[in-house]
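This report refers to the structure that appears directly beneath it.
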Amino acid sequence: MRQVRRRVARHLVGRARELDLLLAAVAAGRDVLLEGPPGTSKSTLLRSLTAEWDVPLVFVEGNADLTPTRLVGHHDPARVLREDYTPDNFVPGPLVEAMRTGGFLYVEEFNRAPEDTLNTLLTAMAERRIAVPRVGTVEALPTFRLVASMNPYDTIGTTRLSTSVHDRMVRLAIGYQDAEAERGIVGRRTGLESPRLLADAVALTRATRVRDDVRQGSSVRGAIDLALVAAQLAAMREVPLPDEPSVEPPRGLPEEYTDVVLDALLVALSGRIFLDETVETTPEAVLREIWEDHFLLQPSVAEPG
């Protein structure tokens, strides 16, 4: 397990504790609920783990269309007409596939699945087997695990998980990484070499998560897009990217550079932040305030004297 941990850690930035906890939970034979906002490396963490552990990862998205039939499987209608119902014409769904192969069934947006679908999963978790009509009993291989994820801040179109579900799963809460880790992620994903742009992209994105008028801020994916769009805009407008390495409030930056960042900020993040329903403003206005705080207000406050 220590060797697996070392190999998985090479794919991740700043997730050592979460990796330890997830690896310990699945090694102990537990099913896991990953709870955290989007863009917190839940899928990356799980994909890296299953790849290095050499077990299949079966992905399914939780939504109203995820019926028990879609989850478990169905008989091929054309073959049923010719052959009647037989185990040979059964088309396995993701749950049966994961159980038969000993893989991890990853259910994203777990709390969006219908209640009867969750009940089917309860049986698989509790018994490690399910009964499929006209097929028989499907036994799960020892490495089968259910790993589910959900966003605790999104309640629209979701269902409240029952105590029976929580009682059968361990829960790992995953929050946003620190600023240094996010700068590392953005640098790795974009390949950009401007420390100033990377620092500004991360700082502006992180600022969307701490405002009272924003119900849910942007994930690190917003910082990645902000940096990429800003780099392309700067190249088109022939604006050099600063080489300033400081991540403190920026001072003395060219106006043409900060204008590029503002335009990229509006494009990259205006669709990623969700305002509180009680405020009367727009995402663009909020983002402009964040930009002014970062490039104008904070540097002025931080000036010596």
Side-chain angles (χ1 to χ4, degrees), residues 14 36-40 151-156 175-187 189-190 192 194-305:
T40 47
N151 175 9
Y153 304 109
D154 191 358
T155 58
I156 300 174
Y176 290 112
Q177 291 148 301
D178 60 28
E180 181 179 359
E182 291 198 349
R183 289 192 294 271
I185 292 171
V186 176
R189 293 287 299 274
T190 63
L192 297 175
S194 170
R196 180 71 267 161
L197 177 55
L198 297 179
D200 291 335
V202 169
L204 291 166
T205 301
R206 292 176 64 87
T208 65
R209 306 171 194 161
V210 296
R211 289 182 60 102
D212 293 335
D213 51 2
V214 178
R215 176 169 55 87
Q216 181 176 322
S218 172
S219 73
V220 70
R221 297 188 187 107
I224 292 169
D225 286 0
L226 196 167
L228 288 172
V229 172
Q232 292 297 324
L233 276 177
M236 286 192 299
R237 297 175 181 176
E238 298 183 344
V239 174
L241 296 178
D243 292 327
E244 167 61 49
S246 173
V247 296
E248 297 299 323
R251 298 191 187 96
L253 294 174
E255 184 176 342
E256 57 184 4
Y257 165 73
T258 59
D259 286 346
V260 162
V261 175
L262 174 60
D263 288 340
L265 176 69
L266 297 176
V267 170
L269 268 60
S270 61
R272 283 187 163 100
I273 65 172
F274 301 92
L275 305 185
D276 188 280
E277 291 82 356
T278 62
V279 301
E280 296 183 1
T281 187
T282 64
E284 288 79 8
V286 170
L287 292 172
R288 183 177 287 274
E289 288 183 13
I290 290 173
W291 175 85
E292 291 174 348
D293 287 345
H294 180 70
F295 284 112
L296 303 177
L297 180 60
Q298 292 183 36
S300 298
V301 172
E303 283 284 358

> Hey, is Arg196 close enough to Asp200 for a salt bridge, meaning N to O under 4.0 Å?
Replying inline: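 Looking at Asp200 together with Arg196, the answer is yes, because their closest N to O distance falls below 4.0 Å.
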[atom2] on [Y] to [atom1] on [X], rounded to 0.5 Å:
| X | Y | atom1 | atom2 | result |
| --- | --- | --- | --- | --- |
| Leu269 | Ile290 | CG | CD1 | 8.0 Å |
| Leu297 | Glu289 | CG | CD | 11.0 Å |
| Glu284 | Arg288 | CD | CZ | 10.0 Å |
| Glu238 | Glu256 | CD | CD | 10.0 Å |
| Ile273 | Ser218 | CD1 | OG | 8.5 Å |
| Thr40 | Gln177 | OG1 | CD | 8.0 Å |

[X] side chain to [Y] backbone, donor-acceptor under 3.5 Å:
| X | Y | answer |
| --- | --- | --- |
| Trp291 | Leu296 | no |
| Arg272 | Ala268 | yes |
| Ser270 | Leu266 | yes |
| Ser194 | Leu241 | no |

>> For a side-chain contact (heavy atoms from CB on, under 4.5 Å) check, start with the C-alpha distance between Leu275 and Gln216, then their side-chain angles and the critical distance, and finish with the verdict.
In response: CA-CA 7 Å; Leu275 305 185; Gln216 181 176 322; over 6 Å; no
Any chance you could lay out the side-chain contact (heavy atoms from CB on, under 4.5 Å) test for Phe295 and Val261, step after step, and finish with the verdict? CA-CA 10 Å; Phe295 284 112; Val261 175; 3.8 Å; yes
So, for [X] and [Y], which heavy atoms are closest and what is the spacing to 0.1 Å?
| X | Y | result |
| --- | --- | --- |
| Arg206 | Glu182 | CG-OE1, 3.3 Å |
| Leu198 | Gly187 | CD1-CA, 3.9 Å |
| Ala231 | Leu192 | CB-CD2, 3.8 Å |
| Thr205 | Ser219 | CG2-O, 3.3 Å |
| Pro38 | Asn151 | CD-ND2, 3.5 Å |
| Val260 | Ala234 | CG1-N, 4.0 Å |

Checklist entry - Which of these, Asp263, Asp259, Val267, sits in a side-chain contact (heavy atoms from CB on, under 4.5 Å) with Leu233? => result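 With Leu233 as partner, side-chain contact (heavy atoms from CB on, under 4.5 Å) holds for just one option, Asp263.
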>> With side-chain contact (heavy atoms from CB on, under 4.5 Å) as the test, pick out the partner of Val214 among Leu287, Asp276, Val279, Val286.
In response: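 Going through the options one by one, the only one that passes is Val286.
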Given the rule in the side-chain contact (heavy atoms from CB on, under 4.5 Å) test, do Leu228 and Arg189 qualify, once you have shown the distances and angles that lead to the verdict? CA-CA 10 Å; Leu228 288 172; Arg189 293 287 299 274; over 6 Å; no
When you measure from the centre of the six-membered ring of Tyr176, is the NZ or CZ of Arg209 under 6.0 Å away and within 45° of the axis?
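Satisfied, under 6.0 Å and within 45°.
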